[in-house]
Amino acid sequence: MTDTVPAVDASKPVVARFCPSPTGNPHVGMARTALFSWAFARHHGGKFVFRIEDTDASRDNQESYDLLVDVMRWLGLDWDEGVEVGGDHGPYRQSERMDVYADVAQRLLDAGLAYKAYDTADELEERREAARAEGRPSGYDGLHRDLTPEQQAAYEAEGRKPVIRFKMPAKDWTFDDLVRGPITFGADNVQDFVIVRANGQPLYTLTNPTDDALMGITHVLRGEDILSSTPRQIALYEAFAQIGVGDGSTPRFGHLPYVMGQGNRKLSKRDPESNLLGYREQGFLPEGLLNYLALLGWSLPAVDGVERDVFGLAELVEAFEVSRVNPNPARFDLAKCEAINGDHIRLLPVEEVAERLLPYFQTAELIGTPADDAQVALLAAAAPLVHERIAKLTEAVDMLRFLFVDDDDFTIDEADAAKNLDEKGQGTARAARDALAELKTWDTASIEAALRASLVDGLGLKPRLAFGPVRVAVTGSRISPPLFESLELLGRSRTLARLSAVL
RNA sequence: GCCCCGUUGGUCUAGCGGUUAUGACGCCGCCCUCUCAAGGCGGAGAUCGCCGGUUCGAAUCCGGUACGGGGUACCA
């Protein structure tokens, strides 16, 4: 297979990155971006950098930062360089790099590649409106581009504080997008942009390319929402080459499609489905979630004509080619996400399912913390009963609750009781209790034999009618794991007590 | 307004000039069965946004157009 590594320079190893802003809860679109960037780096044997872009003090917060780190670790997207692990290009939080940006901005100014602009918001607004009215692009018109020192001094005297704008060279901008192919922006449509606010704070437009350059990023995979800012970044890189920031090369860009929610809207932080932490709480496996996320815009190449959409991270890394990324937006489908997750659960050895289940049982307080050996053993014995029946780990908690719950807390679903434990059902339960009370050996086979003999052969009931009342009385629900196995695990005394309790 | 991106069953997706248009999720039916799942088998569901062109032949190439999305900030 031909390797379509689009390299800046073929001899240069790949360095990719993920650089979220710590605002709010981590969401799935973010995870998909991180996943693709990570998979790209790993596929090419390169490095993956994890940087935090917290330059907007009003929106960033520490809790969100902690969550980001936590969730990346949970997902298993490891990084070679970045926050928490360090590296040669740190620090990796932009809030700790302000001196770097100030220096770069000053050098840009000194080299005449950027300038101070004193326009007020109102002035800009007015000119923008005029431009639109005439059918011209509405970006900055360059009015303060060539101010004389005297003019600048006059504005300063008025008390105006300048922003720093980057001077866009007048030329067309073309770049070969890793997922979309060649994209061109005409010179007239990319205007001088602000890189430092009037209050001295650097903007994303400056900090992001600066750090990418300084950290040696060769490939930038990011959301398509910032596709149109790419020409500015490329222009900045060319300026960096002149002032000696970075190694003088420009990275390759690839713009990933949106992850959509309901309707034609991008999945937003407000959609409950977008909350990454929620998936962990609900019992999604990281490999299941990641598998589904990978399917949003990418697919494993077919082998001998056979397509497969359930795969592990190692397979993803092995096969990941950015060129296969589909450029159109994909809608997030929870039902399919759950189905894929269920497949991953079934792929796990049952012992491991039991291990992964433990924390969820502890959260539900069905098993103590620390867990005692008997409870852990019971969970291990019960895991095979739910292994094929769950799509999310938390579902096992509900299915096996009857085994772990204190007798005082055991409850029976009212609707199920009404249907299955009427007079006739109680008769069935009584017969079951009597048959089981005499049983010598308490194991699945003996329990099944005794129940069949008593209820099916003895009372002449159809199997589903025979076992329904027993199931409801003992497990509390019309729907449960396999009955005979469940009774064995529950034990004789608790089983008999529960049957007696409904009579 | 101007710029950019996108468009294959309900959803995700394969497809790179010749296929009865692939697979998955979901849905329906049947089998298995102590419930529910899982598994097996089968089914419905797409005139590949639209119009033109190139070609013996177009989902695939070209040109328009419509619709959706994004940008046009001292947000990212």
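Lettering follows sequence order; numbering is per chain, from 1.
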Could you pull out all donor-acceptor pairs under 3.5 Å where a side-chain atom in residues 329-338 of chain A meets a protein atom, sequence neighbours excluded?
from, atom 1, to, atom 2, distance (Å)
A:Arg331, NH1, A:Gly263, O, 2.2
A:Asp333, OD1, A:Ala335, N, 3.1
A:Glu338, OE2, A:Lys392, NZ, 3.2

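In this structure A:Ser299 satisfies the side chain to side chain donor-acceptor pair (under 3.5 Å) test together with A:Arg324, sequence neighbours excluded. By the side chain to side chain contact (heavy atoms under 4.5 Å, CB included) test, A:Gln201 is found to be paired with A:Arg197, A:Asn199, residues two or more places apart in sequence or in another chain being considered. Residues satisfying the side chain to side chain donor-acceptor pair (under 3.5 Å) criterion with A:Glu448, sequence neighbours excluded, are A:Arg452. When the side chain to side chain contact (heavy atoms under 4.5 Å, CB included) test is applied to A:Pro384, the partners found at least two apart in sequence or on another chain are A:Val350. Legend: residues meeting salt bridge (Lys or Arg N to Asp or Glu O under 4.0 Å) with A:Arg498, ordered by chain and number and at least two apart, are A:Asp407. Residues meeting the side chain to side chain contact (heavy atoms under 4.5 Å, CB included) test with A:Pro349, sequence neighbours left out: A:Glu351, A:Glu352.
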If you restrict it to nitrogen or oxygen atoms, what contacts under 3.5 Å exist between nucleotides 11-15 of chain B and the protein, and what is each distance?
from, atom 1, to, atom 2, distance (Å)
B:C12, OP1, A:Arg331, N, 3.3
B:C12, O2', A:Leu295, O, 3.0
B:A14, OP2, A:Asn326, ND2, 3.2
B:G15, OP1, A:Arg324, NH1, 3.3

Dump the pairs, protein N or O against N or O of nucleotides 32-35 of chain B, anything under 3.5 Å, distances to one decimal.
from, atom 1, to, atom 2, distance (Å)
B:C34, OP1, A:Arg452, NH2, 2.6
B:C34, O2', A:Arg471, NH2, 3.0
B:C34, O2, A:Arg471, NH2, 2.4
B:C34, N3, A:Leu483, N, 3.3
B:U35, O2', A:Arg478, O, 3.1
B:U35, N1, A:Arg471, NH2, 3.4
B:U35, O2, A:Ser480, N, 2.7
B:U35, O2, A:Ser480, O, 2.9
B:U35, N3, A:Arg471, NH1, 3.4
B:U35, N3, A:Ser480, O, 2.6
B:U35, O4, A:Pro482, N, 3.4

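Nucleotides B:G15 and B:G53 have their P atoms positioned 29 Å apart, rounded to a whole Å.
For the contact set between residues 182-190 of chain A and RNA chain B, defined by any heavy atom under 4.0 Å, the members are A:Ile183, A:Thr184, A:Phe185, A:Asn189.
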Letter per nucleotide, 5' to 3', of nucleotides 71-76 of chain B [B base touched, S only sugar-phosphate touched, - untouched; heavy atoms, 4.0 Å]: SBSBSB
Per-nucleotide protein contact string for nucleotides 39-50 of chain B, where B marks a base within reach and S marks sugar-phosphate only (heavy atoms under 4.0 Å, - for neither): S-----------
